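Single-structure report; data block below.
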There are 2 protein chains.
Amino acid sequence: MPTIKDVALKAGVSATTVSRVLNNRGYLSEELKHKVHQAMEELNYRPNELARSLSRSKSNIIGLIIPHVSLPFFGELTSHIEEHAYREGYKLLLCNSWQDKQKEQEYIHMLRASRVDGIIMGSHTLEVEAYRQMNLPLVTFDRQISPDIPYVCSDNYEGGKLATTLLIQKGCRHLAHIGGHPKLNILSHLRCVAFEDMAKQHNLEYVTLHTDNNSFDFEAYEQLLGQLFAEHPEVDGIFAGSDIIAAYALKACRTRGRRVPEDVKIVGYDGIMLRSLLDPPITTIRQPMEAIGKLAVDLILQQVQGHSVAAAHILPVELEEGATT
Amino acid sequence: MPTIKDVALKAGVSATTVSRVLNNRGYLSEELKHKVHQAMEELNYRPNELARSLSRSKSNIIGLIIPHVSLPFFGELTSHIEEHAYREGYKLLLCNSWQDKQKEQEYIHMLRASRVDGIIMGSHTLEVEAYRQMNLPLVTFDRQISPDIPYVCSDNYEGGKLATTLLIQKGCRHLAHIGGHPKLNILSHLRCVAFEDMAKQHNLEYVTLHTDNNSFDFEAYEQLLGQLFAEHPEVDGIFAGSDIIAAYALKACRTRGRRVPEDVKIVGYDGIMLRSLLDPPITTIRQPMEAIGKLAVDLILQQVQGHSVAAAHILPVELEEGATT
DNA sequence: AGGCCATGCCGACCATTAAAGACGTTGCGC
DNA sequence: GCGCAACGTCTTTAATGGTCGGCATGGCCT
């Protein structure tokens with residue numbers, strides 16, 4: 001790989017001058033620019049980003065820690081984040097935490113050592129102190145860590161309210177909610193809170209089920225649904241914490257001969273693209289994933305530029321009716 | 001962020017000694033090691049990977065270019081690649097090419113500029129020359145670019161054969177294949193070739209449909225299936241080029257009142273985890289994704305270490321029967 | 001005395017950037 | 001018409017944070 005010196009030699013100027021042409025800094029004659037550009041092309045030169053990063057103390061890399069890219073929601077979110085980051089001249093270092101405390105901590109260390117300019121956290125298993133200590137631009141998704149760390153999330157409460165209200169309005173009298181995260185500091189838990197509030201408000205019976213570990217285990221979902229139908233056969237309305245869970249609910253209904261939406265109505269959450277391959281299409285609360293991804297990147301960039309940013313960033317959700325209600 | 005000098009000062013030794021402790025080089029007394037480690041901990045010191053990379057001319061970063069992480073197959077593959085890379089001390093820079101020529105080229109430039117140690121390509125829209133020019137450890141997935149660039153793929157022909165044979169054996173007489181990539185140099189096209197070979201061998205009628213652009217457009221799949229059922233209502237066996245396409249096929253059958261598997265049988269390809277949320281579970285040809293991911297990483301590492309590697313790496317597939325056959 | 005062990009010090013090196021300096025030409029004020 | 005600053009253009013030097021090799025310096029052991 002040619003270096004700046006090779007270019008300098010070929011163009012008959014000093015390395016600094018090449019650097020100045022690269023960055024368009026200071027006084028540069030047209031002739032010189034041309035000469036240098038030509039030399040760069042002939043050598044197929046690309047400036048070494050490692051050296052640039054070291055010199056400028058800025059890597060233009062954003063670290064992304066999520067539970068797992070292969071989860072549809074996080075896959076889509078990652079796509080959007082990557083796209084906006086790239087558009088702004090940033091690269092994305094991907095880390096799958098598997099929702100594991102130790103992995104998450106290791107990744108944080110690794111990203112700090114790599115001098116990433118900021119970290120977007122979609123996985124949060126650690127204690128508050130661990131995040132505050134890292135002393136780096138940070139944005140979390142769906143968790144409020146402390147008043148000075150910005151977070152992005154969808155309007156979880158409103159989403160839960162919309163979903164539950166729809167079920168009630170469509171005539172459901174025995175409601176159930178199945179969610180993934182029982183932890184209170186995870187904002188998605190507000191979906192559950194809203195569900196319970198609505199059910200109480202309408203004096204309806206309701207059940208709430210959660211996976212006990214903080215994971216995204218597909219088998220756990222199947223088990224939970226089995227449990228739900230065994231213990232509460234009267235349930236006629238399910239608000240699922242994600243579209244994936246909704247898909248399992250749909251499958252569980254079909255297996256047990258419950259017709260959807262006639263006998264049981266189902267509402268999901270997220271609005272992942274893949275729901276289009278389910279049949280019937282599920283009703284869901286759509287999160288604005290693209291906006292979330294863009295905002296997460298922007299909040300990192302603003303912090304990088306030294307601006308202070310607001311803590312709460314709650315984006316609106318939208319009810320999208322399919323054929324399961 | 002503290003530097004090696006800060007650690008040296010705190011421990012009362014020279015920076016060289018700290019570097020020696022870091023890299024376990026030369027003679028080091030236990031006492032010294034302890035002293036230095038303590039200083040590092042107290043300062044929460046992490047060596048600057050940018051500086052190390054620059055100095056060693058090795059970044060320990062692998063670039064991954066794929067069409068899109070949010071496609072389930074690539075999401076899962078990415079997960080495995082990331083996991084194995086991390087286990088070997090490598091980081092992963094993620095690039096979604098959107099199957100776009102220009103983006104792919106830009107990403108290649110960017111990754112070279114970032115001095116990644118190697119590139120895993122799961123997206124290939126460019127001409128052969130573009131790949132050969134990059135002069136970097138490279139591994140491609142599902143495409144043979146040239147005899148000296150190693151590639152990893154599943155046994156596409158065998159997979160196509162297994163799928164088609166199963167359909168025939170189960171009594172299908174009017175076969176159809178729906179695939180995504182009509183390009184011949186993409187190895188997954190062999191699935192289609194095997195399909196046609198088998199159909200001919202058994203003297204059966206068959207249709208082959210492809211999306212015309214080289215994309216993964218979900219709507220195109222739906223359209224294609226509509227076309228298939230309109231023009232060839234007699235079709236009773238579908239070999240889909242992916243599980244996603246199979247899911248759409250399933251949906252299309254249901255919409256049109258064709259029972260699966262009684263009237264139409266369906267076999268997919270890939271074996272993505274998400275197929276477990278489909279109902280009925282689809283029969284599929286499972287690619288060993290974890291092995292593919294691991295191998296791709298290993299092939300990069302071997303090249304990094306200067307070993308020459310074999311070109312072809314074809315991993316076995318497995319037929320997994322669900323309830324769509 | 002010679003060999004091993006443990007550390008320090010110096011400088012080159014990686015590729016690039018930032019700040020300051022050099023140098024010939026002009027223009028301006030007095 | 002002389003001194004001096006400004007100007008445009010490029011170069012020199014130092015810094016970024018770490019690695020690495022060589023060489024020097026002791027102390028301890030045999």
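Model, not experiment: these values are computed from the prediction.
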Indicate the ring-plane relationship of B:Phe141 and B:Phe74, choosing parallel, tilted or perpendicular according to the 30° and 60° boundaries.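 Perpendicular: the ring planes of B:Phe141 and B:Phe74 meet at over 60°.
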
Measure [atom1]/[X] against [atom2]/[N] and give the value in whole Å, please.
| X | N | atom1 | atom2 | value |
| --- | --- | --- | --- | --- |
| B:Arg20 | D:dG18 | CZ | P | 17 Å |
| B:Leu28 | C:dC5 | CG | C1' | 11 Å |
| A:Glu30 | D:dC10 | CD | P | 11 Å |
| A:Asn24 | C:dA18 | CG | C1' | 16 Å |

For nucleotides 11-16 of chain C, give me every protein contact, N/O to N/O, under 3.5 Å, one pair per line with atom names.
residue	atom	partner	partner atom	Å
C:dT16	OP1	A:Tyr45	OH	2.8
C:dT16	OP1	A:Asn48	N	2.4
C:dT16	OP2	A:Ile4	N	2.5
C:dT16	OP2	A:Tyr45	OH	3.4
C:dT16	O2	A:Ser55	OG	3.3

How far apart are the C-alpha atoms of A:Leu94 and A:Ile66, what are their side-chain angles, what is the distance that settles it, and do they pass the side-chain contact (heavy atoms from CB on, under 4.5 Å) test? CA-CA 8 Å; A:Leu94 179 68; A:Ile66 51 172; 4.2 Å; yes

Is any side-chain nitrogen or oxygen of B:Arg25 closer than 4.0 Å to OP1 or OP2 of D:dC20?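 True: B:Arg25 side-chain N/O within range (under 4.0 Å) of D:dC20 OP1/OP2.
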
Less than 4.0 angstrom between a side-chain N/O of B:Tyr27 and OP1 or OP2 of C:dA6, yes or no? no

Looking only at non-hydrogen atoms, find the nearest pair between B:Met121 and B:Leu138 and report the distance. CG-CD1, 3.5 Å

For A:Pro47 and B:Arg115, which heavy atoms make the closest approach, and how far apart are they?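 Shortest heavy-atom contact: O-NH1, 4.2 Å.
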
So, taking the atom named CD in A:Glu106 and the one named OH in B:Tyr86, what distance separates them when rounded to the nearest 0.5 Å? 4.0 Å

Nearest-neighbour nucleotide for the B:Ser29 side chain, C:dC9, C:dA6, D:dT11 considered: C:dA6

NA contact type, A:Val18, heavy-atom cut-off 4.0 Å: base, sugar-phosphate, or nothing? nothing

Does A:Leu32 reach a base, just sugar-phosphate, or nothing at all? Heavy atoms under 4.0 Å.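 A:Leu32: backbone/sugar contact only, no base atoms under 4.0 Å.
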
Result for side-chain contact (heavy atoms from CB on, under 4.5 Å) between B:Val116 and one of B:Asn60, B:Leu92, B:Leu136 points to B:Leu136

